[in-house]
Amino acid sequence: MNRYSDPGASLLDYSTHFVVHCPKCASKAIINTQGHLVCTACAHVEQPGHWYGEATAYVSVKCRECHAQLRRSTPWIGPWKKLAMHCENCGDRCEYDASITQHHLHQGRMTDRVFGLPLWLQKEFRDELFWAYNYEHLEALRSYIAAKLRERGFNPYTNTIRKNSTMISRLPVFIKKAGNRKDLLKLIAYLSEK
Ligand SMILES: [Zn+2]
Ligand SMILES: [Zn+2]
């Protein structure tokens, strides 16, 4: 019997550690649960702090001189967190603190949440992107896809909040499609050997 029981884990539960491309040599690097990166090839070690991924800096303030509303949004390249603003109403120029939004995708590739480095376990699947944070996440996806029957491992009536927030329940359609199952399993087999 090839049953699948959703363990009820959310995507966040799988994002405790990551397998990524090393920022120095692009080989396989591990980010552990403390957020420390260690490369398996060049022995590069890095503490959290630098964001390699994509990010946006955003400012929305009232001009300090004339109180006109100022807004500006621009791609962010660290480490500065201020944006130079020019008020078109009164001509004042000033730097304001920006709020930074870090994006999960960078140049079409999924990244980890600590450094924004491209995940090691990802590959295009037709027009979609298949990815996993680490080998445990990959294995959870494999056993889900391999299963012919799917059932949730908990009572949907008593657990309504978790119901729609588990990693499995939020998977994109192409992963859930029965027609993609065989090819996805091939792709996962390839990734698990990486
Ligand atoms: Zn390296
Ligand atoms: Zn102004």
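Just follow the structure's listing: the first ligand is 1, and inside any ligand the first atom is 1. Everything numeric here is computed off the predicted structure, so don't read it as measured data.
Protein contacts to the Zn ion (ligand 2) involving N, O or S atoms at a distance below 2.8 Å are Cys63 SG, Cys66 SG, Cys87 SG, Cys90 SG.
Contact check for Asn89 versus His67: no side-chain heavy atoms found under the 4.5 Å cut-off. Within the 4.5 Å cutoff, the side chain of Leu37 has heavy atoms near those of the Phe115 side chain.
There is no side-chain donor-acceptor pair under 3.5 Å between His36 and Glu46.
At a threshold of 4.5 Å between side-chain heavy atoms, the hydrophobic network of Ile, Leu, Val, Met, Phe, Trp and Tyr places Tyr190 and Leu119 in one connected group.
In summary, of the residues considered (Arg113, His17, Gln122), a side chain to side chain donor-acceptor pair (under 3.5 Å) with Tyr133 occurs for Arg113 alone.
Under the 30°/60° scheme for interplanar angles, the aromatic rings of Trp120 and His21 are found to be tilted.
In this structure, Arg126 places its CZ atom where more than 12 heavy-atom neighbours from other residues, nucleotides or ligands lie under 6.0 Å away. A 6.0 Å sphere centred on CD of Gln69 holds more than 12 heavy atoms belonging to other residues, nucleotides or ligands.
For the Zn ion (ligand 1), protein N, O or S atoms under 2.8 Å: 4 in total.
Listed for the Lys28 side chain is a donor-acceptor partner under 3.5 Å among the backbone atoms of Lys194.
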